[in-house]
There are 2 protein chains.
Amino acid sequence: MLPERFSTKDFDVAQIRSSCSSCSLRELCLPVGLNDEEVESLGEVVAHKRKILRGGYLHRTGTKFQALYAVKSGFLKTCVLEEDGRQQVTGFHMTGELLGLDAISADMHTCDAIALEDSEVCEIPFSKLEDISRTIPSLMHRFHKIMSREIVRDHGVMLLLGSMKAEERLASFLLNMSRRFAIRGYSETDFNLRMTREEIGSYLGLKLETVSRAFSKLQEEAIISVNNKHIQILDLERLKLKMGNISCST
Amino acid sequence: MLPERFSTKDFDVAQIRSSCSSCSLRELCLPVGLNDEEVESLGEVVAHKRKILRGGYLHRTGTKFQALYAVKSGFLKTCVLEEDGRQQVTGFHMTGELLGLDAISADMHTCDAIALEDSEVCEIPFSKLEDISRTIPSLMHRFHKIMSREIVRDHGVMLLLGSMKAEERLASFLLNMSRRFAIRGYSETDFNLRMTREEIGSYLGLKLETVSRAFSKLQEEAIISVNNKHIQILDLERLKLKMGNISCST
DNA sequence: CTTTTATTTTGATTAAAGTCAATAAAAATA
DNA sequence: TATTTTTATTGACTTTAATCAAAATAAAAG
């Protein structure tokens, strides 16, 4: 199901040192340049690995917060669900990304995290992470940057939801997916989406029919090619023009 | 311009100990229960105070990140501005709240912060905060909770922008304002908004005319009374019903 | 205090997206 | 493989909010 040009090269350094911190801690560790001793401390932090089958929950709203989760493989969505049935997908999460940051606030998860394909995560007990980050300032700083980046990302989504039209939103979404696949060594112009039109719609603040129509429109214009969940971007530049100069970092 | 029933009682403890950490550090310090020595360390952190006149910038997009800002008094908005002129108000900020969290990510401010009335902030140099939080774990944890809460708040705004109608959005906004005024000792049913209809609209993903119509609608229904920026909530319960069971914590 | 500028309200019209409905296609299950 | 269920597309129509425009009100500046 995954594209084929995936490379684990980036993770080799960590892989040699610690069994579980392999790709899961890429996000948190690699950019800070830890020494062997420091990485060893971290090895203790991420002792536990978890597999979640497609459709399964990594965590549910209201349950006690124990650990952050680093996505080792797979694809997940997070969504907030209100009593009245209103639902909003707040994010899609792929390899190397960190989940559970919202739960620190009230020691309780504020959203559901559901696997959109069989996935693996590493548990990072949060109290341990805080302990260790006291002795490794660069790790603490790195963690702060990750939290901050989530805030910046959310502000980008707010801009999208607050000021963009359906087609612009979809273009923005596709470019974001494209970039994130590219970072992980997959094709930036040819990929399979893991989520349904309804889930895309929820994330983009649109109904599934509107999402479907926007896909069809972009295909008519020969900007993308759509076969169900398989997307090919035929003209990256024109797709970027569609969203009108907005950066695709959301 | 501010409502009159304001009390500084909550801040007295800190005020005795350190001149500037008075109300500015309420958010960050008070709930962690620091001892005198710890508060003294913090006094060094928040040495610098700044006044911003109405319409003035606290910080601008793209400028180097140096410090977080704790609002000591006044009222500010933050907004992201795109090259094509698209603008989105990402938040309104009142006494005791912390600004600049988005800037940690790339060592650069990602939004403008503009005073909507004459305001005072305390600068909290971020590197110092990180240093000190190493020796005061409870402060570090408190800071993590604040960042996490910002993420939760943003998810709430995403839900609002993604799934609520104009009138529901405005009801949600008013209830949020009401709650935040109440926390600070002001009336929860009678207050002056500091922002224009256009700024409310930008925050809620609506045009100013739509915001105005929604105000008029709620007034017609005798749920609120509107006199320009002066709002009276006549029926808090019905206002809550308007937004359909969604919590007003955003 | 008067003039100018900015803000707010309201109406008429247009554009965009939602809703309802039918069909088709894909995926999951028996 | 056949059947059921889920997901996606498309059309017709409705609702919602945006746009355009004018007037009224409030705030700021001279």
Side-chain angles (χ1 to χ4, degrees), chain A residues 1 53-56 77 85-89 114-118 160-171 173-174 192-221 224-231 242-244, chain B residues 1 53-56 77 85-89 114 116-118 160-171 173-174 192-221 224-231 242 244:
Chain A
M1 182 73 86
L53 294 178
R54 192 160 106 80
K77 71 169 175 180
R86 224 185 286 255
Q87 192 179 354
Q88 175 82 19
V89 172
I114 297 165
L116 296 181
E117 61 181 35
D118 294 358
L160 177 144
L161 293 171
S163 73
M164 289 170 72
K165 290 194 207 303
E167 217 181 310
E168 298 172 326
R169 293 184 199 190
L170 186 63
F173 169 76
L174 289 173
N192 285 296
L193 296 174
R194 273 74 173 178
M195 68 295 280
T196 66
R197 299 290 188 263
E198 189 169 24
E199 287 161 336
I200 295 171
S202 173
Y203 182 63
L204 298 179
L206 302 168
K207 293 293 161 183
L208 68 95
E209 294 96 328
T210 306
V211 173
S212 181
R213 276 183 244 272
F215 267 120
S216 300
K217 182 89 187 305
L218 290 174
Q219 186 168 43
E220 272 169 38
E221 299 180 72
I224 63 172
S225 162
V226 184
N227 277 87
N228 232 49
K229 291 196 168 67
H230 179 229
I231 308 294
K242 275 283 165 192
M243 48 174 283
Chain B
M1 183 72 89
L53 294 178
R54 192 160 104 80
K77 70 170 177 180
R86 223 184 287 253
Q87 192 179 351
Q88 175 80 20
V89 172
I114 298 166
L116 295 182
E117 61 181 35
D118 295 357
L160 176 144
L161 292 171
S163 74
M164 289 169 75
K165 290 195 209 299
E167 217 181 311
E168 297 172 327
R169 294 184 199 190
L170 185 64
F173 169 77
L174 288 174
N192 286 295
L193 296 173
R194 273 73 174 177
M195 68 295 280
T196 66
R197 300 291 188 261
E198 188 168 25
E199 287 162 335
I200 296 171
S202 173
Y203 182 64
L204 298 179
L206 302 168
K207 292 294 162 183
L208 69 96
E209 294 96 329
T210 307
V211 173
S212 180
R213 276 183 244 271
F215 268 119
S216 300
K217 182 89 185 305
L218 290 174
Q219 186 168 42
E220 272 170 38
E221 298 180 70
I224 63 173
S225 162
V226 184
N227 276 88
N228 232 51
K229 292 198 166 67
H230 179 231
I231 307 294
K242 274 284 165 190

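Here is the naming used below: chain letters follow the sequence lines, and residue numbers restart at 1 for every chain.
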dT10(C), OP1 or OP2 - any side-chain N/O from Ser212(B) closer than 4.0 Å? no
Write down the atom of Gln87(A), the atom of Ser202(A), and the distance for their closest heavy-atom approach. O-OG, 3.6 Å
Identify whether any heavy atom of Thr196(A) sits under 4.0 Å from a base atom; if not, whether one sits that close to sugar-phosphate; answer base, sugar-phosphate or nothing. sugar-phosphate
Would you mind reading off the bend of the helix from dC1(C)-dG30(D) to dA30(C)-dT1(D) from its two end axes, five pairs each, to 10 degrees? 60°
In whole angstroms, the gap separating P of dA17(C) from NZ of Lys217(A) amounts to 10 Å
Check the distance between dG18(C)'s P and Arg86(A)'s CZ and give it to me in whole angstrom. 13 Å
Between Glu117(A) (CD) and dA28(C) (P), how many Å, whole number? 12 Å
Rounded interatomic separation in angstrom, taking CD1 from Ile224(A) and P from dA8(D): 14 Å
Could you state the CG-C1' distance from Leu116(A) to dA27(C), rounded to the nearest angstrom? 16 Å
Rounded to whole Å, how long is the line connecting atom CG of Leu53(A) with atom C1' of dA28(C)? 15 Å
Heavy atoms under 4.0 Å is the rule here; annotate nucleotides 16-30 of chain D 5' to 3' with B where the base is hit, S where only the sugar-phosphate is, and - elsewhere. -SSBB-----S-S--
Whole-Å gap separating P (dA16(C)) and CG (Leu161(A)): 18 Å
Beyond-backbone contact of Thr196(A) with Leu208(A), side-chain heavy atoms, under 4.5 angstrom: no
Run the salt bridge (charged side-chain N to carboxylate O under 4.0 Å, His left out) test against Lys217(B) and tell me which residues pass, sequence neighbours left out. Glu167(B), Glu221(B)
Reported CD1-to-OG1 distance for the pair Ile200(A) and Thr210(A), which is rounded to 0.5 angstrom: 12.5 Å
Give the rounded distance in Å between these two atoms: CZ of Arg197(A) and P of dA26(C). 12 Å
Mind checking salt bridge (charged side-chain N to carboxylate O under 4.0 Å, His left out) for Lys207(B) and listing every partner two or more places apart, or none if nothing turns up? none
Residues that Glu198(B) engages under salt bridge (charged side-chain N to carboxylate O under 4.0 Å, His left out), provided they are two or more places apart: none
By salt bridge (charged side-chain N to carboxylate O under 4.0 Å, His left out), which residues pair with Glu209(A), not counting sequence neighbours? none
Pairwise side-chain contact, Leu160(B) with Phe173(B), heavy-atom cut-off 4.5 Å (strictly under): no
Would you say that Arg197(A) contacts Phe215(A) through its side chain, given a criterion of any heavy-atom pair below 4.5 Å between the two side chains? yes
